[in-house]
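Please read the structure below before turning to the comments.
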Amino acid sequence: MTTKLVVKTITIVICLFAMSCKHSDEHKYHTVIDKIEAESLNYDAVTVSSETFNETINTVKVSEDGYEFLIPERKSQIASYNCTECHTQPIEKLKQDQVGEKAAHWNIKIEHAGLETMNCATCHTSNNMDELHSLTNSPIDFNLSYKLCSQCHQQEFKDWKGGAHGKQLGGWAPPRLSNTCVNCHNPHKPAFEKRWPVRFNTTVEQERK
Ligand code: HEC
Ligand code: HEC
Ligand code: HEC
Ligand code: HEC
């Protein structure tokens with residue numbers, strides 16, 4: 001019995017040895033580690049990119065404190081842009097011409113900060129409506145309107161730069177593409193409405209049966 005077992009064991013060991021030798025002959029490498037190390041020498045040649053997922057979105061480059069990423073372009077998404085199609089004259093003049101008619105932007109009411117903090121002119125530039133401006137009157141491009149928000153919402157801006165606030169679009173591989181503030185927040189009414197969670201309707205479920 002025991003000799004049989006010994007013979008069996010020896011046979012198995014020889015077989016395994018033969019197999020493993022054949023294996024390493026075939027693939028040149030002695031161990032898996034050797035193989036990984038050798039074959040990863042050319043790893044730089046492999047590039048992974050999310051670009052194909054982003055093809056349908058026009059993007060703008062953002063570079064803020066060492067963070068570089070893309071955000072969706074906005075101007076082509078704003079129906080009333082270019083503003084200067086109408087805003088060739090001072091607002092007072094436009095208002096006079098408009099007397100008796102519905103105000104041009106009747107649907108825009110600020111539900112953001114109080115009137116002592118903010119009115120239309122805090123963000124929009126009456127002598128060049130095609131641009132926004134900072135609190136110190138530096139022009140801000142409509143595509144980069146996050147620069148406007150960041151003046152007063154530093155914490156969210158920091159989180160957003162780092163990728164914690166907001167949403168990343170496309171894939172996990174670079175280049176990073178993130179939604180910008182106005183993709184989610186209406187600048188005129190930025191808070192979200194409260195919503196009830198969806199509830200399971202047991203009555204409907206019983207009637208179906
Ligand atoms: C179709 C014409 C038209 C376009 C396009 C247009 N506006 Fe106006 N806008 C007006 C008129 C007219 C007024 C005068 C206000 C009124 O109608 O009572 C006005 C007024 C305003 C005012 C002052 C509102 C107030 O109550 O003092 C702001 C700010 C403004 N527009 C911003 C913009 C911006 C920003 C754009 C582009 C994104 C734009 N407008 C595009 C016609 C236009
Ligand atoms: C907190 C800054 C801020 C204030 C205050 C503000 N806007 Fe805007 N507004 C913006 C930004 C940013 C956009 C561009 C949003 C986008 O990219 O879609 C915009 C877009 C617009 C547009 C074009 C989009 C549309 O909905 O037609 C009009 C018109 C406009 N604003 C008018 C006004 C008027 C009138 C007021 C005052 C009653 C006002 N805004 C106050 C920041 C502001
Ligand atoms: C001039 C300063 C200023 C600018 C510029 C500004 N905000 Fe605000 N924002 C405020 C203030 C003040 C409040 C009110 C805070 C409160 O009620 O607690 C507010 C409120 C908000 C809220 C609601 C917070 C809540 O209580 O739920 C959001 C979201 C927001 N802002 C987003 C934006 C975005 C997006 C932009 C850029 C388009 C922007 N803000 C530009 C000052 C600003
Ligand atoms: C992908 C969508 C998205 C983007 C992009 C985004 N936010 Fe928000 N933001 C949210 C949501 C969701 C909340 C939570 C709202 C709530 O709790 O009611 C929020 C909350 C906020 C609040 C209120 C925070 C509080 O404590 O109540 C502010 C202010 C704000 N965002 C500003 C910004 C600014 C500034 C940017 C751009 C730098 C930005 N957000 C980009 C979705 C977004």
Side-chain angles (χ1 to χ4, degrees), residues 53-54 57-172 176-197:
F53 300 111
N54 304 343
I57 306 173
N58 289 331
T59 54
V60 183
K61 258 205 189 95
V62 165
S63 180
E64 293 286 342
D65 305 327
Y67 293 100
E68 300 214 347
F69 53 99
L70 303 170
I71 56 172
E73 180 269 349
R74 288 301 304 165
K75 288 180 195 170
S76 66
Q77 307 296 314
I78 303 172
S80 51
Y81 201 84
N82 295 350
C83 316
T84 46
E85 273 173 30
C86 300
H87 286 273
T88 47
Q89 291 168 313
I91 285 166
E92 287 318 313
K93 177 78 175 60
L94 287 177
K95 279 189 177 166
Q96 278 167 22
D97 295 350
Q98 201 78 358
V99 168
E101 294 184 45
K102 205 171 191 178
H105 310 299
W106 57 271
N107 54 337
I108 298 178
K109 293 207 175 55
I110 302 180
E111 289 175 52
H112 191 160
L115 260 180
E116 70 284 0
T117 313
M118 185 185 282
N119 59 30
C120 310
T122 309
C123 305
H124 295 291
T125 320
S126 52
N127 59 7
N128 179 11
M129 275 302 179
D130 286 345
E131 274 176 352
L132 300 158
H133 65 85
S134 75
L135 296 172
T136 53
N137 273 326
S138 321
I140 294 175
D141 194 284
F142 266 89
N143 281 337
L144 304 178
S145 57
Y146 70 86
K147 286 180 190 283
L148 191 67
C149 321
S150 66
Q151 300 175 104
C152 306
H153 301 292
Q154 268 293 315
Q155 191 53 55
E156 285 75 15
F157 174 58
K158 276 185 196 155
D159 291 346
W160 175 76
K161 269 188 299 194
H165 189 102
K167 182 184 196 294
Q168 195 162 330
L169 307 168
W172 53 266
R176 173 181 152 195
L177 169 58
S178 290
N179 261 340
T180 186
C181 314
V182 291
N183 285 126
C184 301
H185 297 285
N186 177 342
H188 309 129
K189 188 177 184 291
F192 293 100
E193 309 264 323
K194 296 275 182 290
R195 289 168 69 175
W196 289 105

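Counting convention: from 1, in listed order, for ligands and their atoms alike.
- For the pair His153 and ligand 3, the shortest N or O to N or O distance falls below 3.5 Å.
- Within ligand 3, the atoms closer than 4.0 Å to a non-hydrogen atom of Cys181 are 35 (C), numbered from 1 in the order shown.
- With ligand atoms numbered from 1 in the order given, ligand 4 contributes 5 (C) to contacts under 4.0 Å with heavy atoms of Asn179.
- For ligand 1 and Ala104, the ligand atoms under 4.0 Å from any heavy atom of the residue are 9 (N), 10 (C), 11 (C), 12 (C), 13 (C), 16 (C), 17 (O), 42 (C).
- The single protein non-hydrogen atom nearest to atom 12 (C) of ligand 3 is Ala113 CB, 3.5 Å, given as residue, atom name and distance.
- In terms of protein heavy atoms, atom 18 (O) of ligand 1 is closest to Ala103 CB, 3.6 Å.
- Backbone and side-chain nitrogen or oxygen atoms of Lys95 are examined, and one is located within less than 3.5 angstrom of a nitrogen or oxygen of ligand 1.
- When distances from atom 26 (O) of ligand 3 to the protein are checked, no heavy atom turns up under 4.0 Å.
- With hydrogens and angles disregarded, no donor-acceptor distance shorter than 3.5 Å links the side chain of His87 to the backbone of Asn82.
- Ring centers of Trp160 and Phe69: under 6.0 Å apart, within the cut-off.
- With Tyr81 contributing its side chain and Ser76 its backbone, the two residues share no donor-acceptor pair below 3.5 Å.
- Inside a 4.0 Å radius of atom 16 (C) of ligand 3 there is not any protein heavy atom.
- Among all non-hydrogen protein atoms, the one lying nearest atom 3 (C) of ligand 3 is Cys152 SG, 2.6 Å.
- Checked against the 6.0 Å centroid threshold, His165 and Phe157 do not count as a close aromatic pair.
- Under 4.0 Å from ligand 1, the heavy atoms of Gln98 that appear belong solely to its side chain.
- The contact set between ligand 4 and Gly166, taken as ligand atoms under 4.0 Å from a residue heavy atom, comprises 1 (C), 3 (C), 4 (C), 5 (C).
- Looking from atom 5 (C) of ligand 3 to the surrounding protein, the closest heavy atom is Leu148 O, 3.4 Å.
- For atom 8 (Fe) of ligand 3, the nearest protein heavy atom is under 4.0 Å away.
- Glu64 places no side-chain N or O within donor-acceptor distance of the main-chain N or O of Lys161, the cut-off being under 3.5 Å.
- Below 3.5 Å of separation, one finds an N or O of His165 facing an N or O of ligand 4.
- Taking every non-hydrogen atom of Pro187 and a distance limit under 4.0 Å, the qualifying atoms of ligand 3 come out as 38 (C).
- Residue-to-ligand polar distances keep Ser150 apart from ligand 4: every N/O pair is separated by 3.5 Å or more.
- Among all non-hydrogen protein atoms, the one lying nearest atom 23 (C) of ligand 1 is Ile91 CD1, 3.6 Å.
- When Met129, Glu131, His124 are checked for heavy-atom proximity to atom 30 (C) of ligand 1, Met129 turns out nearest.
- The distance from ligand 4 to the heavy atoms of Lys167 drops below 4.0 Å at these ligand atoms: 1 (C).
- Restricting His105 to its N, O or S atoms, the one at the least distance from atom 8 (Fe) of ligand 1 is NE2.
- When distances to atom 8 (Fe) of ligand 4 are checked against a cut-off of 2.8 Å, Cys184 contributes no N, O or S atom below that limit.
- Each of the atoms 29 (C), 35 (C) of ligand 3 lies under 4.0 Å from some heavy atom of His185.
- Contacts of Glu156 with ligand 3, taken as heavy-atom pairs under 4.0 Å, are absent altogether.
- Of all the atoms in ligand 1, the ones that sit under 4.0 Å from a non-hydrogen atom of Cys86 are 1 (C), 2 (C), 3 (C), 4 (C), 5 (C), 42 (C), 43 (C).
- Among all non-hydrogen protein atoms, the one lying nearest atom 14 (C) of ligand 3 is His112 O, 4.1 Å.
- The protein heavy atom nearest to atom 28 (C) of ligand 3 is Pro190 CB, 3.4 Å.
- Remark: distances from the non-hydrogen atoms of His87 to ligand 1 include one below 4.0 Å.
- The Cys120 neighbourhood of ligand 1 comprises atoms 29 (C), with distances under 4.0 Å to a heavy atom of that residue.
- For atom 34 (C) of ligand 1, the closest heavy atom belonging to the protein is Cys83 SG, 3.5 Å.
- If you look at Cys149 next to ligand 3, the close heavy atoms, those under 4.0 Å, come from the backbone and the side chain alike.
- Electrostatic pairing of Asp65 and Lys158 does not count as a salt bridge here, judged by no charged N lying under 4.0 Å from a carboxylate O.
- The shortest contact between atom 24 (C) of ligand 3 and any protein heavy atom is with Ala191 CB, 4.9 Å.
- With a 4.0 Å cut-off on non-hydrogen atoms, Thr180 touches ligand 4 through its backbone and not its side chain.
- Within a 4.0 Å radius of atom 38 (C) of ligand 4, the protein contributes one or more non-hydrogen atoms.
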